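Read through the structure below, which is laid out as structure tokens, and then see the notes.
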Amino acid sequence: MVALDQQNKKIIHVDMDCFFAQVEIRDNLSLKGKAVIISGLPDSRSVVCTCSYEARKFGIKSGMSAFKVPNLC
């Protein structure tokens with residue numbers, strides 16, 4: 001392990017909010033351009049883990065109740 005002084009430290013911020021939705025779109029190209037939502041079933045107590053940018057246009061956001069999703073999209 002090498003100790004670095006303060007001038008060599010770097011902070012990297014990576015926004016991974018849409019990552020899993022993009023992986024699904026990459027694996028299944030028929031989803032491209034569609035609202036993709038990663039969550040549990042709407043009739044269970046689950047939340048939206050992530051969603052694509054197309055789904056965000058409908059007001060869907062990470063962390064919201066999956067119960068609300070069918071009404072928005």
Side-chain angles (χ1 to χ4, degrees):
M1 186 164 147
V2 177
L4 300 174
D5 59 37
Q6 286 294 98
Q7 293 175 347
N8 290 332
K9 289 187 178 182
K10 304 226 182 323
I11 297 173
I12 299 173
H13 174 78
V14 180
D15 183 5
M16 299 289 290
D17 192 39
C18 191
F19 175 74
F20 293 109
Q22 290 300 320
V23 169
E24 288 297 321
I25 293 168
R26 182 201 64 189
D27 291 346
N28 185 353
L29 292 178
S30 67
L31 297 175
K32 189 169 186 169
K34 297 181 182 177
V36 176
I37 301 158
I38 310 295
S39 75
L41 297 173
D43 57 350
S44 66
R45 293 185 63 188
S46 61
V47 296
V48 174
C49 296
T50 189
C51 60
S52 65
Y53 291 108
E54 291 82 8
R56 293 179 190 187
K57 293 177 185 175
F58 292 99
I60 299 169
K61 299 177 182 169
S62 297
M64 74 183 303
S65 172
F67 179 75
K68 295 180 182 179
V69 170
N71 296 329
L72 296 174
C73 186

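These numbers come from a predicted model, not from an experiment.
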Fill in: Heavy-atom closest contact (Ala55 atom, Val36 atom, distance)
CB-O, 4.0 Å

Practice prompt. Scan residues 57-73 for pairs that pass salt bridge (charged side-chain N to carboxylate O under 4.0 Å, His left out), counting only residues two or more places apart or in two chains.
Written response: none

Worksheet item: In terms of hydrophobic clusters joined by side-chain contacts under 4.5 Å, are Leu72 and Val48 together?
Response: yes

Discussion item. Give me the atom names and distance for the closest heavy-atom approach of Ser62 to Cys51.
Written reply: OG-N, 4.4 Å

Worksheet item: Considering residues at least two apart in sequence or located in another chain, which fulfil the side chain to side chain donor-acceptor pair (under 3.5 Å) criterion with Ser39?
Response: none

Worksheet item: Quick one: do Leu31 and Ile37 end up in the same hydrophobic cluster if we chain Ile, Leu, Val, Met, Phe, Trp and Tyr together by side-chain heavy atoms under 4.5 Å apart?
Response: no

Please tabulate, for side-chain N and O atoms in residues 21-30, each donor-acceptor pair with protein atoms closer than 3.5 Å (sequence neighbours left out).
| unit_1 | atom_1 | unit_2 | atom_2 | d |
| --- | --- | --- | --- | --- |
| Asn28 | OD1 | Ser30 | N | 3.3 |
| Asn28 | OD1 | Ser30 | OG | 2.6 |

Discussion item. Ignoring hydrogens, what is the shortest heavy-atom contact between Ser52 and Cys18? Give both atom names and the distance.
Written reply: CA-SG, 3.8 Å

Worksheet item: Of all heavy-atom pairs between Ser44 and Leu41, which one has the smallest distance, and what is that distance?
Response: OG-O, 2.8 Å

